[in-house]
Participant: 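Below is the structure I would like to discuss, written out as structure tokens.
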2 protein chains.
Amino acid sequence: MAVTLADVAARAGVSAATVSRVLSGNYPVAGGTRTRVLRAVEELEYVVNGPASALAAASSDLVGVLVHDIADPFFGIIASAVQSEMESGGERGPGPGRKLAVVCNTGGSPEQELTYLTLLQRQRAAAVVLTGGAVEHPEHSPAIALRLRRLAAGGTRVVLCGRPPLPEPGTAPETAARPAAPARNRAGGDADEPLTIAFDNRGGARRLTEHLLALGHRTIGYVAGPAERTTTRDRLEGHRRALHEHSPGLLADADRLTVHGAYDRSSGYDGALELLRRAPEVTAVLGANDTVALGICAALREQGLRIPEDVSVAGFDDLPFSADAAPAMTTVRLPLHQAGVRAGRLALGREAPPPGGVATVRAELTARASTAPPRAGGTPAGGPG
Amino acid sequence: MAVTLADVAARAGVSAATVSRVLSGNYPVAGGTRTRVLRAVEELEYVVNGPASALAAASSDLVGVLVHDIADPFFGIIASAVQSEMESGGERGPGPGRKLAVVCNTGGSPEQELTYLTLLQRQRAAAVVLTGGAVEHPEHSPAIALRLRRLAAGGTRVVLCGRPPLPEPGTAPETAARPAAPARNRAGGDADEPLTIAFDNRGGARRLTEHLLALGHRTIGYVAGPAERTTTRDRLEGHRRALHEHSPGLLADADRLTVHGAYDRSSGYDGALELLRRAPEVTAVLGANDTVALGICAALREQGLRIPEDVSVAGFDDLPFSADAAPAMTTVRLPLHQAGVRAGRLALGREAPPPGGVATVRAELTARASTAPPRAGGTPAGGPG
DNA sequence: ACCCTCGCAGTAAGCGCTTTCTACAGGCCA
DNA sequence: TGGCCTGTAGAAAGCGCTTACTGCGAGGGT
């Protein structure tokens, strides 16, 4: 635990500077010297002191990944994709340049998000990836946006994955108040602006609703996520646009047919029951995501309704378990792994930023067995009293 | 990004040492001075430089959490529990003492595990939590054990969660070769030995098998995990012990009725098909875990078999989706969240180590709808040709 | 054959913090 | 009233690394 650069240098018969150069690899060192140094490193089992290195270099090799819920596969998939991208970089194993992804669970709360951002800033993280929809909060949202811009201006790469791009500054007068100091010696290229990988939630929800409409459904319930989440808002918007384009009259009932909850199973369960109470005539129910849809299925089944014969159900995201549900879930496939890899590449500066700083990934309809045409009668049997 | 301790000190009219003392809180500072310092911190939006602090204090506030697969809820639940425990500590928000959990995805590979351990050692992590079963490997396992002992001896708290305790040293002659240097100034109490929270995989599997035997099953297939995983080995052992205790003859067939795969859905699917090929007369199939069991269900259903009428199926772990599967899955409940919280407390030194350094958590049978008595005939209809 | 350039390695000055050691007040006892 | 102890704050020495800057030997142009 106590072997330092100097020890290695002494053993190899060179100066500490040379050892540092060999290890960091960004300076020419003669072959023989390099070999000697590497041998000394091996023999002494030397492990670089990260903090010291970060202090001197003014940047650590930590990359923060903020997720709403680590136990939710949606985020798990993205996070592991980001991490796999960090791994695939270091040819020399745990050597220099190898980044460490720090996955932080925010629980979807803006306060937590801010807290973790501070923690990451304190660690002088090389990059920060924020995943999942943003939570709109009159006070915190601007604070987070400001903080992200500051981090980006300070050389930390900021990537939003599955989040809407940051609003243009200027709204907050504070932004201009603190003139940015000219960046000092920074490792990679510039990182002056947060980058975004946006999910096409709107388009996905729209195509899903169009699928239902094409099957003949006209009374479609929606168990949505928390209203303040941008993801919720976008999906709902896509849904309603599809409704409106099919026939404007369908919008009249939309509010009554929408229930808000969280992105978890019990919200789906409770939401479905509430929906049945409000509108027993629904022939299809959309879930905020696949997990919610699973809860919806459970509730409907308990009410004696068959899926999809009596009621069609669909989710969103296409998580691994969705294909295995009984019946297999109709949903919208989001290329989460791919998005995570891309976010990782962007965070590492391995990929050129998309034009305008925003790339949008498509959400494909994946029709399976949980949706079918409504029954002729329109009103299912066995509705609750 | 550039405001330092010295800036704060200047603004508050005190020395840098005083500011440091106020911020770290482990030294008496007069009330008035403290207030002035805190105000300066606020006004300047000062954020401690983590690396510098870690360098000077010889220990960072990072806690590593190693998981096999972050996208698997089993690990997600444990990891988020550990993280929530870190959060609940810091009264002063992101202030000092607040630890940052680093979740690392090893993919279940010992090499990766070693790599991340090195990375964490390089960051001078305050603690390391290893979750999930260990992979037995003739070369890597001793290396990992040795590394963990070194870390522990060096002041890093090491906690194993859901892993068997480390074997006693002495097997590896290398252990004694390097006399441990006396620990210097360390923050918390001693951390000289790795601590373990063991899962009672053996007992859980045994109770699960007993449940099946009690229902009347005699030909029980087992789609197990990778053979080199300790978790796999323990569960299989519990299963076989139950078989043996019921009637030794049942063991004769055990090898034929066991198929090995990974801990994922497709292994369950493939394993079930293989099992049906080898022994079409099975009346029950156990999965290595719930995810595997889900794959088993899918395969059986595709073969025209009903669950549980034709074949009973059971899993292990009791992940959230297991209760929602159709039919609801019989499984063994592991208190993952609770175990994660405990691991976090141990890692933070908030809880006294269990006697002997090992605590075992019980695994409870959770019988649901996917298991039932076998059909009278014993051989299900519709078996593959 | 000389000077300049270039490639390689050493010297040393920090990076921003923690912490020991030291210094200075008061308040207490005798 | 004088000597001491206690409480509080400053000075300064690093922690282990990176990275200018400097220096030295060897090759190439004229």
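By convention in this document, chain letters (A, B, ...) are assigned in the order of the sequence lines, proteins followed by strands, and residues within each chain are numbered from 1. As the structure is a prediction and not an experimental result, all values here were calculated from the model.
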Participant: According to a strict under-4.0 Å criterion, is Thr33(A) in side-chain N/O contact with OP1 or OP2 of dA9(C)?
Facilitator: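 Affirmative; the distance criterion is met.
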
Participant: Give a yes/no answer on whether the side chain of Ser24(A) brings an N or O atom under 4.0 Å of OP1 or OP2 in dT18(D).
Facilitator: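 Ser24(A) to dT18(D) OP1/OP2: no side-chain N or O under 4.0 Å.
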
Participant: CZ of Arg124(B) versus C1' of dT18(C): gap in Å, rounded?
Facilitator: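 Interatomic distance, CZ of Arg124(B) to C1' of dT18(C): 17 Å.
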
Participant: So does Arg150(A) pair up with Glu45(B), basic N to acidic O under 4.0 Å?
Facilitator: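 Answer for the salt bridge query: yes.
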
Participant: Out of dC17(C), dA9(C), dA12(C), which has the shortest distance to the side chain of Val29(A)?
Facilitator: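 The answer is dA9(C), which lies nearest to the side chain.
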
Participant: For Thr4(B) and dG16(C), is the shortest distance between a side-chain N/O and OP1 or OP2 below 4.0 Å?
Facilitator: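 Looking at the OP1 and OP2 atoms of dG16(C), neither is under 4.0 Å from any side-chain N or O of Thr4(B).
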
Participant: For the pair made of CG in Asp61(B) and P in dT18(C), what is the distance, rounded to whole Å?
Facilitator: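 Distance check: Asp61(B) CG to dT18(C) P gives 11 Å.
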
Participant: I need the CG-C1' distance between Leu55(B) and dG16(D), as an integer number of Å.
Facilitator: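 Rounding to the nearest Å, CG of Leu55(B) and C1' of dG16(D) are 6 Å apart.
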
Participant: Tell me what Ala30(A) touches on the nucleic acid: a base, only sugar-phosphate, or nothing, going by heavy atoms under 4.0 Å.
Facilitator: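 Touches sugar-phosphate only.
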
Participant: Want to settle it: does Val47(B) or Val14(A) sit nearer the 5' end of DNA chain C, counting the closest nucleotide to each?
Facilitator: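 The 5'-side residue here is Val14(A).
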
Participant: Atom CG of Leu44(B) to atom C1' of dG16(C): distance rounded to whole Å?
Facilitator: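 Rounded to the whole Å, the gap is 15 Å.
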
Participant: Distance criterion of 3.5 Å, no angle test: do you see the side chain of Tyr27(A) paired donor-to-acceptor with the base of dA9(C)?
Facilitator: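 Yes, the side chain and the base share a sub-3.5 Å donor-acceptor pair.
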
Participant: Any idea which of dA9(D), dT18(C), dG10(C) is nearest the Ala57(B) side chain?
Facilitator: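 Output: dT18(C).
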
Participant: Out of dC17(C), dG16(C), dC15(C), which has the shortest distance to the side chain of Ala56(A)?
Facilitator: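 Of the options given, the side chain of Ala56(A) lies nearest dC15(C).
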
Participant: Could you state the atom-to-atom distance from CG of Asn49(A) to P of dC17(D) in whole Å?
Facilitator: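 Rounding to the nearest Å, CG of Asn49(A) and P of dC17(D) are 6 Å apart.
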
Participant: Run the numbers on Arg36(A) and Glu43(A) for salt bridge (Lys or Arg N to Asp or Glu O under 4.0 Å), then give the verdict.
Facilitator: CA-CA 11 Å; Arg36(A) 236 169 335 127; Glu43(A) 292 169 353; over 6 Å; no

Participant: So Val65(B) and Gln83(B), do their side chains get closer than 4.5 Å, heavy atoms only?
Facilitator: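 No; the side chains remain at least 4.5 Å from each other.
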
Participant: To the nearest Å, how far apart are Leu23(B) CG and dG16(C) P?
Facilitator: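 After rounding, the reported distance stands at 16 Å.
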
Participant: Ignoring hydrogens and geometry beyond distance, is the side chain of Arg21(B) in donor-acceptor contact with the base of dT20(C) at under 3.5 Å?
Facilitator: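 Such a pair is found, so the answer is yes.
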
Participant: Which residue, Thr156(B), Thr115(B), Leu66(B), Leu151(B), forms the side chain to side chain contact (heavy atoms under 4.5 Å, CB included) with Leu120(B)?
Facilitator: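 Going through Thr156(B), Thr115(B), Leu66(B), Leu151(B) one by one, the side chain to side chain contact (heavy atoms under 4.5 Å, CB included) with Leu120(B) is satisfied by Leu66(B) alone.
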
Participant: So do the side chains of Leu100(B) and Val102(A) get within less than 4.5 Å of each other, counting heavy atoms only?
Facilitator: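 They are in contact (side-chain heavy atoms under 4.5 Å apart), so the answer is yes.
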
Participant: Identify which nucleotide among dT19(D), dG16(C), dA9(D) has an atom closest to any side-chain atom of Ala17(A), counting heavy atoms from C-beta outward.
Facilitator: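 Looking only at side-chain atoms, Ala17(A) lies closest to dT19(D).
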
Participant: Of Gly13(B) and Ala52(B), whose nearest nucleotide on DNA chain D comes first from the 5' end?
Facilitator: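 The residue mapped nearer the 5' terminus is Gly13(B).
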
Participant: Any side-chain heavy-atom pair from Val22(A) and Tyr27(A) closer than 4.5 angstrom?
Facilitator: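 No. Closest side-chain heavy atoms not under 4.5 Å.
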
Participant: Examine dC17(C): is either OP1 or OP2 under 4.0 Å from a nitrogen or oxygen in the side chain of Ser20(B)? Give yes or no.
Facilitator: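 Answer is no, no contact under 4.0 Å.
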
Participant: Figure out the CZ/P separation between Arg36(B) and dA9(D), and round it to whole Å.
Facilitator: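 That distance rounds to 8 Å.
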
Participant: Under 4.0 Å between a side-chain N/O of Ser15(A) and OP1 or OP2 of dG10(C), yes or no?
Facilitator: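 For dG10(C), OP1 or OP2 has a side-chain N or O of Ser15(A) closer than 4.0 Å.
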
Participant: Rounded to whole Å, how long is the line connecting atom CZ of Arg34(B) with atom C1' of dG7(D)?
Facilitator: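 To the nearest whole Å, that distance equals 14 Å.
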
